[in-house]
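Remarks on the structure that follows.
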Number of protein chains: 2
Amino acid sequence: MSERTPTLEDVARAAGVSRATVSRVVNGIRNVDPQIQERVRAAVAATGYSPNRAARSLATRRANSVALVVSGPGEDACTSRVFADPFFGRIAGGIVLSLRREGIHPVLMLADTDEARDDVLTGLRRGDADGALLVSTHVHDPLPAMLAGAGVPAVLFSRPVRPVEISYVEVDNHAGAALAADHLLARGRERLATITGPAGVPVSQDRLTGFREALARHGLHRVPVAEGDFTQDGGEAAMLALLAEHPGLDGVFAANDLMAQGAIAVLRDHGRAVPDDVAVIGFDDGAPAQSSRPRLTTIRQPVEDMAAEMATLLLTRLAAPATPPTSVIFAPTLIPRAST
Amino acid sequence: MSERTPTLEDVARAAGVSRATVSRVVNGIRNVDPQIQERVRAAVAATGYSPNRAARSLATRRANSVALVVSGPGEDACTSRVFADPFFGRIAGGIVLSLRREGIHPVLMLADTDEARDDVLTGLRRGDADGALLVSTHVHDPLPAMLAGAGVPAVLFSRPVRPVEISYVEVDNHAGAALAADHLLARGRERLATITGPAGVPVSQDRLTGFREALARHGLHRVPVAEGDFTQDGGEAAMLALLAEHPGLDGVFAANDLMAQGAIAVLRDHGRAVPDDVAVIGFDDGAPAQSSRPRLTTIRQPVEDMAAEMATLLLTRLAAPATPPTSVIFAPTLIPRAST
DNA sequence: ATGAAAGCGCTAACAC
DNA sequence: GTGTTAGCGCTTTCAT
């Protein structure tokens with residue numbers, strides 16, 4: 001009838017052994033007589049024992065948890081919108097699923113201001129979590145460097161803008177863009193243009209150069225470029241600019257799906273049928289691509305797999321702290337749909 | 001040069017007082033001489049002290065953290081998609097922001113299978129987290145009842161299907177639907193129809209009866225109804241059915257934005273201009289509503305505020321465990337855009 | 001192979 | 001007001 005949750009002590013008493021022995025069994029340490037092991041296991045079941053995290057953490061000096069930190073721009077309105085980005089959702093899902101196999105749950109942190117970043121860093125150094133999985137939407141995010149500097153084990157989604165000694169996962173953006181170029185060309189499109197992400201972001205640059213180089217291999221040089229910002233509105237504006245300069249274009253590669261959607265909307269407004277008059281291809285293959293009209297041909301990033309790999313990389317690093325930073329690059333795939 | 005993080009003991013020594021006094025100052029407990037308080041504060045700053053969570057939890061028997069549990073259907077593919085739902089993202093954002101003021105970060109848990117639910121419950125009972133914020137996408141989710149039964153403090157987003165003694169926040173769905181009805185009528189639409197969410201879900205039912213009753217007040221009875229499932233595809237199918245039966249309709253209320261988008265796509269495919277021929281209004285006001293073409297008129301749920309309230313309710317309950325379950329209902333607002 | 005005992009860093013009675 | 005002291009529940013040498 002006691003409300004107290006059972007402790008090691010209780011199990012030990014029930015099994016007629018010492019706390020140390022129970023601890024060994026619970027933690028799967030060898031050198032315990034099989035007979036005793038059995039007795040202890042029975043006692044654990046009988047008492048309904050389950051180890052206390054806090055006590056364990058205190059003794060081992062490990063939190064046994066990792067932080068999932070979202071480092072946004074901090075423009076207030078955007079702050080909570082970061083989470084609403086389906087892209088983040090896919091990452092979170094992949095991470096949760098992967099971490100769960102190890103029985104650990106991520107702690108959600110938001111690093112959207114300098115103060116918040118300091119708090120996150122302080123917490124991590126103090127050991128609130130053993131390491132961090134970082135999703136940065138901020139171009140010049142100082143957090144990766146801060147974490148690396150503080151020696152906090154961390155893994156990024158996407159290569160940092162400035163080289164930092166830190167692990168990360170990334171899709172091969174260059175190859176993905178080439179896939180898009182080849183696909184448009186294979187569809188017989190020749191007057192191509194592209195809508196890029198914000199300049200200065202590695203992802204944008206890689207997709208642009210990948211696209212350009214693939215076209216160059218086919219003798220196409222000087223492709224029209226308009227800069228977007230990865231939002232639908234940005235895509236619309238860029239498409240307008242492109243159309244004004246090159247009314248005869250017949251194929252567009254947008255550096256992400258949202259901008260592709262914006263481009264399609266503008267094209268339709270200007271009487272261009274997609275894909276009959278103009279073919280459009282995006283990048284990501286998130287929910288927007290699958291529900292847009294027409295369904296969007298796109299370059300798929302295996303986001304969930306990448307997120308799972310982030311978790312794996314971090315856990316590996318935690319298990320063997322000497323492991324040097326590692327990066328894993330994933331292959332993109334072409335998903336042909338109705339927009340090309 | 002020591003790598004050890006400073007402890008209370010270190011601060012106490014530096015300030016020339018006892019651990020207890022430092023603890024009091026750190027925890028803002030009165031009855032400490034202002035002079036000494038000052039000395040302690042200085043020592044804290046000098047040593048760079050920051051309290052150890054595990055030790056504190058062990059001593060207070062409180063984890064000082066809350067769980068954010070997502071209880072999905074467990075159909076594997078859907079599992080990680082739960083997170084990709086922008087709706088969940090908005091909730092998560094609101095919760096993180098609200099919790100942060102208290103210096104606490106939510107622990108993300110996924111309860112998508114019976115086993116996972118048991119694990120979550122076990123962890124919560126053991127005190128891994130002091131309480132739970134539950135977002136359930138599962139219609140007949142057993143978790144709310146499990147939590148209530150185990151006496152775990154919890155707050156739900158949305159009223160549970162079966163009445164359970166548990167706190168929750170909810171938008172006034174009935175009133176929201178009435179807003180939609182009144183708006184369509186005010187726009188001069190008279191041949192109305194509605195696309196509902198899955199039958200059996202309180203949200204669906206409330207929105208349907210709210211819509212019906214508002215129309216009835218204006219003398220309109222027997223409005224055509226088609227059941228959807230809150231997805232865009234479901235909305236498309238429902239719209240097709242509606243159009244087949246009632247080709248002359250001039251206004252549609254979809255129980256959420258995604259279905260409204262599906263409806264718009266189908267209407268366009270069938271040569272109906274929106275809003276000229278048919279006005280469409282949705283519910284939620286998430287990202288889809290703001291980026292669809294035409295921009296979607298919708299009923300806004302203040303999701304972020306609701307999420308923040310969830311956190312507040314839980315923290316209140318944790319501070320005063322005797323507090324009975326409370327529910328807070330939020331007012332929806334009409335957001336007129338281009339689709340009506 | 002097992003047990004005894006010393007902490008891990010903090011809080012909370014209780015004494016003064 | 002402040003200090004002393006006894007744990008919180010677990011891991012981990014160190015003996016045996």
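These numbers come from the heavy atoms of this one structure, side chains and all, not from hydrogens, waters or symmetry mates. Residue numbers begin at 1 in each chain, while the letters A, B, ... track the order of the sequences.
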Quiz item: Are a donor atom and an acceptor atom from the side chains of B:Arg39 and B:Gln35 found within less than 3.5 Å of each other?
Solution: no
Within the pair [X] and [N], is there a side-chain N or O less than 4.0 Å away from OP1 or OP2?
| X | N | answer |
| --- | --- | --- |
| A:Ser18 | C:dG3 | yes |
| B:Asn52 | C:dC8 | no |
| A:Asn31 | C:dA1 | yes |

Picking from [options], which would you name as closest to the side chain of [X]?
| X | options | answer |
| --- | --- | --- |
| A:Arg56 | C:dT11, C:dG3, D:dC10 | D:dC10 |
| A:Ser23 | D:dG3, C:dT2, D:dT12 | D:dT12 |
| A:Thr21 | C:dG3, D:dT2, D:dG9 | C:dG3 |
| A:Leu58 | C:dC10, C:dG3, C:dC8 | C:dC8 |

Quiz item: Hey, is the side chain of B:Arg24 pairing donor to acceptor with the base of D:dG3 inside 3.5 Å?
Solution: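 Indeed there is one.
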Measure the distance from [atom1] on [X] to [atom2] on [N] and round it to the nearest whole Å.
| X | N | atom1 | atom2 | value |
| --- | --- | --- | --- | --- |
| B:Asp10 | C:dC10 | CG | C1' | 13 Å |
| B:Glu38 | D:dG1 | CD | P | 18 Å |
| A:Asn64 | D:dT11 | CG | C1' | 13 Å |
| B:Arg39 | D:dT2 | CZ | C1' | 11 Å |
| B:Arg19 | D:dT4 | CZ | P | 10 Å |
| B:Arg53 | D:dC8 | CZ | C1' | 16 Å |
| B:Leu8 | C:dA12 | CG | P | 12 Å |
| A:Gln35 | C:dT2 | CD | C1' | 14 Å |

Quiz prompt | side chain to side chain contact (heavy atoms under 4.5 Å, CB included) partner of A:Val69, chosen from A:Leu143, A:Val135, A:Leu147, A:Val107 | solution = A:Leu143
Quiz item: So among A:Asn27, A:Val25, A:Thr21, which one has a side chain to side chain contact (heavy atoms under 4.5 Å, CB included) with A:Ser23?
Solution: A:Asn27
Practice problem: Provide the closest heavy-atom pair for A:Ile104 versus A:Val66 in the form atom of the first, atom of the second, distance. | Solution: CD1-CG1, 3.6 Å
Self-check item: side chain to side chain contact (heavy atoms under 4.5 Å, CB included) between B:Thr7 and B:Asp10, intermediate numbers included
Solution: CA-CA 5 Å; B:Thr7 75; B:Asp10 299 325; 3.6 Å; yes
Self-check item: Pairwise 5' ranking along DNA chain D for B:Ala55 and B:Ala20, keeping only the more 5' one
Solution: B:Ala20
